[in-house]
Amino acid sequence: MSQFLATHKRDHRCGDFRDTHVDEEVTVYGWVDSYRDHGGVIFIDLRDRTGIVQLRFEPWVAEGVAHGLADKLRPEWAIGARGKVISRGENINPKIPTGAVEVLCDTLEVFSESPTPPFEIKDDLDTAEAIRLKYRFLDLRRNALSRNFQLRSQVYRQTRNYFADHGFLEIETPILANSTPEGARDYLVPSRVHPGSFYALPQSPQQFKQLLMMSGMDRYMQICRCFRDEDLRADRQPEFTQLDLEMSFVSVDDIRALLDGYVRGVWREVLGVEVPTPVPSITYAEAMDKYGIDKPDLRYGLPLTDLTELLRGRIEFRIFKGALDAGGIVKALYLPEGKVFSRKDLDKVIPAEAAPFGAKGIAWARVQPGGSWSGPVAKGVDDALRGELNDALGAEEGGLILFSADKRSVVNAALARIRGVAAERLGLIKPNTWSFVWVTDFPMFEYDEDEQRYQAMHHPFTSPRYDEIDQLETDPAGVKALAYDLVVNGVELGGGSIRIHRSDVQHQVFRALGLSAEEVDEKFGFFIEALRYGTPPHGGIALGMDRLLMLLCGADSLRDVIAFPKTQRATDMLTGSPNQVDAKQLTDLSIRTVVDD
RNA sequence: GGAGUGGUAGUUCAGUUGGUUAGAACGCCGGCCUGUCAAGCCGGAGGCCGCGGGUUCAAGUCCCGUCCACUCCGCCA
């Protein structure tokens, strides 16, 4: 290694250069993005994470030594260069921020060469993601990806500052923790010193952060990794990062106001967007009724209308009647511009969108002049009923009514999806528009058909509304929780709740969940014990940092904001993880596998 | 666990009804070229058609299985 690094200290990053730097002697480091050899002059685009600057090599500079070396450069070689910043005069490149200047180099140092990379390092890349992930270290050199991580770092800094300014302590909680009794599957870690026993990686530091409130820490924050061994999606990775918060002596409103200020600050700093605060809210019941989903995208309207009561006993149309008789519901999505969906769409596209949710079909009617209908539903509806339906839907000539009749959960899921498809078709989703909403008043419990019992919708430490605690014994299904989700453009950014701070209420909730005293003691004994010692009222929230970054970066997948993400089968294409381990390691851990190989 | 889409040169793709030598673009290699920045011009190399079976005179193409990636359902308190 030459003395280059010792004698030539980097004084600028590639993306820094502007015409104000003209005449400066500079040293830059980076990677060869591209080279253009004109026989005499050689142009090298030098790249680092900040951008690209053009280097120029001339045979007449410094006896042509640097020029001679530059002749051999190839993409992705790591180099350093020294020279003078000069104006490009007439030959400005308006496409890049540094396009007004170039560095006329007198010295060039090659640190390391590179084989031809498996894909070009450029922003508009269409290479298969599997290859990009295998060569993630090259993929990350692309500015399109690199800037996501620079932005991520910026958001982290801002996050820590915001919550520090609001009196939060950053405290770490264990990664080697206990298996969670309910919820997602755990990643387990065998204990060597306790043969046959396992730690679990945390799905969330829920109990620890509540214990910190009991400890008088008052306000806790952590940007922490969480783990869930469930199947992946574009917006779900097995390990993900959560902004975890907990506060003592607070109400729902306090927490919402704090988070409103946080997202407002982030959106302003990162995107220059002013989020109107306070962020509005909608109840869970209203969200499900009007949008069929608990994370509605409110960038557009297109509400659903529940026609169940209007139609009951008044319609013979087989599909509707069948659903109603079976205890289901009928809902409709009304589109004023009915022509966005062609007959072919109605036959193919719409059913295909609805089918994954169990919907057997989507009936439809087009509204004709005078309010009459055409389409499969038209015949089954008499004039009087049709008039009432038109009124209920606000239907007018040219409109399209899409019906779903089935179990409530199927109707809601299917129409929620179609509502999104329609909005996209209608061009209602404008770029750089943001719709924040708090979804509140979630039910405490939901009934688990498979296990024939109630489960906590949020988690079992969530407080019921204070005015509904009495109903825990009599009408658990009707009790609403002091729980809230923050939803942005139809993405669940995070959720939280006021927690139970009284052991008697906690025991009532466990009873409602059908847990015996023995089970409670076994699973939550330490926690119940701690709860007895003067627990402050407290609550908190967890935001999915990866999802937050995905929104801010405009990414379609979590993988674009996680440096080393996993594939859908939870493997790492780069490192090959998970791996088999040797027999000795297993023996040390007292583990025997039952997999044939 | 289930449904769908895809897998052919380094990359992105085309490849007809099964048919003889599997193509294109970009990239790569060599040469020329002093103002390019998607540089240009000339020439060249590069293929386990994902893998394994099967049908057939003949398979990139048809059938069965399997692996991998992606999207979705289930699942994710």
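Naming convention: chains lettered A, B, ... in sequence-line order (proteins, then strands); numbering from 1 in each chain.
- Among the atoms of the strands shown, only primed sugar atoms or phosphate atoms (P, OP1, OP2) are found under 4.0 Å from some heavy atom of A:E129.
- We find that CD1 of A:I96 is positioned 13 Å from C1' of B:A38, with the value rounded to whole Å.
- Residue whose closest nucleotide on RNA chain B sits further toward the 5' end, between A:G99 and A:S557: A:G99.
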Where do N or O atoms of nucleotides 5-8 of chain B meet protein N or O atoms at under 3.5 Å, pair by pair?
none

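- Between the CG atom of A:D572 and the C1' atom of B:C68 there is a distance of 15 Å, rounded to whole Å.
- Atom P of nucleotide B:A38 and atom CD1 of A:I52 are separated by 10 Å, given to the nearest angstrom.
- Look at the C1' atom in both B:G31 and B:U71: the space between them is 48 Å, to the nearest Å.
- Using N1 to N3 plus N6-O4 or O6-N4 for Watson-Crick, or N1-O2 and O6-N3 for G-U wobble, each under 3.5 Å, B:G40 pairs with B:C32.
- Across all strands shown, A:D126 has heavy atoms under 4.0 Å from sugar-phosphate atoms exclusively, and none from any base.
- Residue contacts for A:D229: at a heavy-atom cut-off of 4.0 Å it reaches no nucleic acid atom on any strand shown.
- Summarising the base pairing, B:U66 is matched to B:G50 through a Watson-Crick or G-U wobble pair whose two defining distances lie under 3.5 Å.
- Stacking between A:F43 and B:U36 is shown: the ring centroid lies under 5.5 Å from the centre of the six-membered base ring, and the planes differ by under 30°.
- A heavy-atom distance below 4.0 Å to RNA chain B is reached by these residues of residues 65-85 of chain A, ordered by number: A:R74, A:P75.
- The phosphate of B:G10 (OP1 or OP2) has no side-chain N or O of A:T127 nearer than 4.0 angstrom.
- The P atoms of B:U12 and B:U55 are separated by 34 Å, rounded to the nearest whole Å.
- Taking atom P in both B:G4 and B:C76, the straight-line distance is 24 Å, to the nearest Å.
- Comparing the C1' positions of B:G53 and B:C72 gives a spacing of 31 Å, expressed to the nearest Å.
- Using a 4.0 Å heavy-atom criterion, one finds that A:E58 contacts the bases of the nucleic acid, with or without backbone contacts as well.
- Here A:R559 lies in heavy-atom contact (under 4.0 Å) with sugar-phosphate atoms only.
- Look at A:K95 and you'll find a side-chain N or O under 4.0 angstrom from OP1 or OP2 of B:A38.
- Put simply, CG on A:L125 is 11 Å from P on B:C13, counting in whole angstrom units.
- When the P atom is compared between B:G23 and B:G44, the two are found 15 Å apart, to the nearest whole Å.
- A:E353 comes within contact range of no nucleotide atom at all, as no heavy-atom separation falls under 4.0 Å.
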Item to check | A:Q506 vs A:R511, side chain to side chain donor-acceptor pair (under 3.5 Å): CA-CA, chis, key distance, verdict | outcome: CA-CA 9 Å; A:Q506 186 67 71; A:R511 269 200 301 280; over 6 Å; no

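- When heavy atoms are screened at a 4.0 angstrom cut-off, A:T98 is found touching no nucleic acid atom at all.
- Listed nucleotides B:U34, B:G35, B:A69 differ in distance to A:M573; the shortest reach to its side chain belongs to B:A69.
- Checking A:D572 against A:T575 by side-chain atom types alone, a donor-acceptor pair falls below 3.5 Å.
- Among the protein residues, A:E120 comes within range of the sugar-phosphate backbone only, with heavy atoms under 4.0 Å from sugar or phosphate atoms but none that close to a base.
- Enclosure of atom CZ in A:R236 by more than 12 non-hydrogen atoms of other residues, nucleotides or ligands within 6.0 angstrom is indicated.
- With both ends at atom P, the span from B:G50 to B:C13 equals 14 Å, rounded to whole Å.
- Residues A:R56 and A:H67 bring no donor and acceptor atom of their side chains to less than 3.5 Å of each other.
- As a whole-Å value, the separation of A:D37 CG from B:C28 P is 13 Å.
- Here CE of A:M214 is found 11.0 Å from CD of A:E529. Values are rounded to the nearest 0.5 Å.
- Here A:Y35 lies in heavy-atom contact (under 4.0 Å) with sugar-phosphate atoms only.
- Here A:I131 lies in heavy-atom contact (under 4.0 Å) with sugar-phosphate atoms only.
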Identify the pairs formed between an N or O of the protein and an N or O of nucleotides 74-77 of chain B at a distance under 3.5 Å, and give each distance.
{"residue": "B:G74", "atom": "N7", "partner": "A:R233", "partner atom": "NH2", "Å": "2.8"}
{"residue": "B:G74", "atom": "O6", "partner": "A:R233", "partner atom": "NH1", "Å": "3.0"}
{"residue": "B:G74", "atom": "O6", "partner": "A:R233", "partner atom": "NH2", "Å": "3.4"}
{"residue": "B:G74", "atom": "N1", "partner": "A:D231", "partner atom": "OD2", "Å": "2.8"}
{"residue": "B:G74", "atom": "N2", "partner": "A:D231", "partner atom": "OD2", "Å": "3.4"}
{"residue": "B:C75", "atom": "O2'", "partner": "A:E230", "partner atom": "OE1", "Å": "2.7"}
{"residue": "B:C75", "atom": "O2", "partner": "A:R236", "partner atom": "NH2", "Å": "3.1"}
{"residue": "B:C75", "atom": "N3", "partner": "A:R236", "partner atom": "NH1", "Å": "3.2"}
{"residue": "B:C75", "atom": "N3", "partner": "A:R236", "partner atom": "NH2", "Å": "2.7"}
{"residue": "B:C75", "atom": "N4", "partner": "A:R233", "partner atom": "NH2", "Å": "3.4"}
{"residue": "B:C75", "atom": "N4", "partner": "A:R236", "partner atom": "NH1", "Å": "3.1"}
{"residue": "B:C76", "atom": "O2", "partner": "A:R236", "partner atom": "NE", "Å": "3.3"}
{"residue": "B:C76", "atom": "O2", "partner": "A:R236", "partner atom": "NH1", "Å": "3.1"}
{"residue": "B:C76", "atom": "N3", "partner": "A:R236", "partner atom": "NH1", "Å": "3.1"}
{"residue": "B:A77", "atom": "OP2", "partner": "A:R228", "partner atom": "NH1", "Å": "3.3"}
{"residue": "B:A77", "atom": "O3'", "partner": "A:A456", "partner atom": "O", "Å": "2.7"}
{"residue": "B:A77", "atom": "O2'", "partner": "A:A456", "partner atom": "O", "Å": "2.9"}
{"residue": "B:A77", "atom": "O2'", "partner": "A:M457", "partner atom": "O", "Å": "2.7"}
{"residue": "B:A77", "atom": "O2'", "partner": "A:H458", "partner atom": "N", "Å": "3.4"}
{"residue": "B:A77", "atom": "O2'", "partner": "A:H458", "partner atom": "O", "Å": "2.1"}
{"residue": "B:A77", "atom": "N9", "partner": "A:H458", "partner atom": "O", "Å": "3.3"}

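- Annotation: B:U17 and B:U61 have their C1' atoms spaced 10 Å apart (nearest Å).
- The nearest whole Å value for the distance from the CZ atom in A:F119 to the P atom in B:C13 is 15 Å.
- At a cut-off of 3.5 Å, with distance as the only test, a side-chain donor of A:Y220 or A:Q222 sits close to an acceptor on the other residue.
- Look at CD1 on A:I121: it is 13 Å from P on B:U11, rounded to the nearest Å.
- Straight-line distance between the C1' atoms of B:G27 and B:A9: roughly 11 Å, to the nearest whole Å.
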